[in-house]
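Worksheet for the structure shown next.
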Number of protein chains: 2
Amino acid sequence: MTVSKTAEKSSEKSGEAAKGRKDAGEPLAETLQLGELSEQLGYVLKRAQLKVFENFLRCMASLQLTPAQFSVLLLVEKNPGRNQTEIASTLGILRPNFVAMLDNLESRDLCARIRSTNDRRSHILVLTDKGKAVLARAKKLVATKHEARLNDLLGQSNREALIAMLSKIANEF
Amino acid sequence: MTVSKTAEKSSEKSGEAAKGRKDAGEPLAETLQLGELSEQLGYVLKRAQLKVFENFLRCMASLQLTPAQFSVLLLVEKNPGRNQTEIASTLGILRPNFVAMLDNLESRDLCARIRSTNDRRSHILVLTDKGKAVLARAKKLVATKHEARLNDLLGQSNREALIAMLSKIANEF
DNA sequence: GATATTTGATATGGTCCATAACAATTATCA
DNA sequence: TGATAATTGTTATGGACCATATCAAATATC
């Protein structure tokens with residue numbers, strides 16, 4: 001059956017729903033009204049976050065890095081000589097959950113745990129050479145394929161304003 | 001905000017980069033450097049989202065509504081006569097996962113499933129009287145305690161700009 | 001009427017998040 | 001000093017959320 005794409009979409013909302021499907025040629029489901037939902041901060045924030053993470057994963061497919069893993073590598077690079085507790089806590093990751101994450105990165109030879117000589121309980125985290133190389137490539141991918149997309153979408157100044165507002169929310173809300 | 005990139009190679013934990021502020025003798029507040037992380041869209045977006053959800057839950061503690069549940073009630077109210085598949089899909093919720101969610105709302109007498117007379121496979125969703133009352137109170141709480149906080153933090157125009165940008169990202173990224 | 005599709009539902013597995021508990025090590029202090 | 005407390009990494013475990021396969025009932029399609 002060929003369906004003619006009628007651009008006409010009557011937004012009829014019959015409370016009785018007496019309209020049957022016997023009338024052929026009406027297979028397109030009318031889009032629901034979001035209403036106040038589209039103005040809800042949490043709703044739009046969550047949707048945006050999902051889209052951004054999804055895009056991030058696509059951009060990083062060749063390196064197989066998740067946003068969380070990328071953040072760990074960035075933080076370890078920026079703060080060499082820190083232990084697991086310090087890195088995890090500043091990222092909001094609980095220590096127990098950080099173990100498997102590090103096991104993964106270490107098994108891929110991206111970072112390493114080094115037993116501290118000062119405090120033999122703690123493991124100092126460092127990037128391996130491969131980890132540094134991978135992070136460098138990851139940064140380029142993120143900058144050119146991911147963050148650049150924001151500029152295309154919002155423009156430079158809006159992009160900076162957005163980041164600033166989100167940071168403010170993250171820190172002061 | 002450009003940070004001077006000092007080629008720090010010091011692996012000692014006391015090695016701090018020059019920040020213009022010098023304090024000695026103290027056990028160094030141990031605040032890690034976020035570095036490029038604070039400019040990463042995904043990072044700041046996720047942190048903001050967590051904070052907003054956390055605040056939402058606090059504001060709704062008296063009504064025991066999660067953001068997802070609130071969005072369902074809002075959508076059902078705005079679109080009466082729709083079935084589970086339609087409501088769930090527009091919220092990005094998979095049908096199997098929507099079942100338990102509805103079981104919860106229905107057990108609390110907030111919404112009800114009504115077997116459709118047209119298509120006896122589908123369940124039409126409606127708000128109960130209690131559901132409408134709870135949603136009305138929820139809206140007020142959200143407006144006065146939750147969204148209002150954004151105005152205090154960003155101001156009215158910035159708040160609207162933020163919502164608009166997030167919507168754009170959610171729809172076009 | 002035979003077959004395919006849709007709807008709600010169940011079962012199941014994966015990922016993330018949170019808490020308790022443990023051994024090894026270090027800090028505290030009586 | 002030695003007994004006790006605290007910290008670090010770790011394991012185990014449970015909950016919340018997300019995704020897929022599958023099913024029975026109802027409907028659509030041919």
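Each chain gets a letter, A, B and so on, in the order its sequence line appears, and its residues count up from 1.
In this structure Arg113(B) satisfies the salt bridge (Lys or Arg N to Asp or Glu O under 4.0 Å) test together with Asp103(B), Glu106(B), sequence neighbours excluded.
The distance from atom CE of Met101(B) to atom P of dA9(C) is 14 Å, rounded to the nearest whole Å. Taking atom CG of residue Asp103(A) and atom P of nucleotide dG9(D), one finds them 13 Å apart after rounding to whole Å. Here dT7(C) presents its P atom at 14 Å from CZ of Phe98(B), a figure rounded to the nearest Å. Put simply, CD on Gln49(A) is 13 Å from C1' on dC17(D), counting in whole angstrom units. Distance CG (Asn118(B)) to P (dT6(C)): 18 Å, rounded to an integer number of Å.
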Could you go through nucleotides 16-18 of chain C and list every protein N or O atom that sits under 3.5 Å from one of its N or O atoms, giving the distance for each pair?
{"unit_1": "dA18(C)", "atom_1": "N7", "unit_2": "Asn97(A)", "atom_2": "OD1", "d": "3.3"}
{"unit_1": "dA18(C)", "atom_1": "N7", "unit_2": "Asn97(A)", "atom_2": "ND2", "d": "3.0"}
{"unit_1": "dA18(C)", "atom_1": "N6", "unit_2": "Asn97(A)", "atom_2": "OD1", "d": "3.1"}

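The Arg121(A) side chain lies nearest to dT26(C) when the options are dT26(C), dA9(C), dG9(D). With distances taken from any side-chain atom of His123(A) to the nucleotides dA9(C), dT7(C), dG9(D), the minimum falls on dG9(D). Here the nucleotide nearest the side chain of Asp119(A), chosen from dG8(C), dT25(C), dT27(D), is dT25(C).
Taking only side-chain nitrogens and oxygens, Arg120(A) never comes nearer than 4.0 Å to OP1 or OP2 of dA23(C). Listed pair Arg113(B) / dA9(C) meets the phosphate criterion, a side-chain N or O lying under 4.0 Å from OP1 or OP2. The phosphate of dA26(D) has neither OP1 nor OP2 within less than 4.0 Å of any side-chain N or O from Ser122(B).
Considering only heavy atoms from C-beta on, Tyr43(B) comes within 4.5 Å of Leu34(B) through its side chain. Between Val52(B) and His146(B) the shortest side-chain heavy-atom distance falls below 4.5 Å. For the pair Thr85(A)/Phe98(A), no side-chain contact is recorded, criterion being any heavy-atom separation below 4.5 Å from C-beta on.
Arg95(B) comes within contact range of no nucleotide atom at all, as no heavy-atom separation falls under 4.0 Å.
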Extract all donor-acceptor atom pairs below 3.5 Å that involve side chains of residues 156-164 of chain A and protein atoms in other chains or at least two apart in sequence.
{"unit_1": "Gln156(A)", "atom_1": "OE1", "unit_2": "Asn151(A)", "atom_2": "ND2", "d": "3.3"}
{"unit_1": "Gln156(A)", "atom_1": "NE2", "unit_2": "Glu160(A)", "atom_2": "OE2", "d": "2.7"}
{"unit_1": "Asn158(A)", "atom_1": "ND2", "unit_2": "Leu154(A)", "atom_2": "O", "d": "3.0"}

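For the atom pair Thr90(A) OG1 and Arg82(A) CZ, the distance stands at 9.0 Å (nearest 0.5 Å).
Among Leu110(A), Leu127(A), Asp129(A), the one residue that satisfies the side chain to side chain contact (heavy atoms under 4.5 Å, CB included) test with Val134(A) is Leu110(A).
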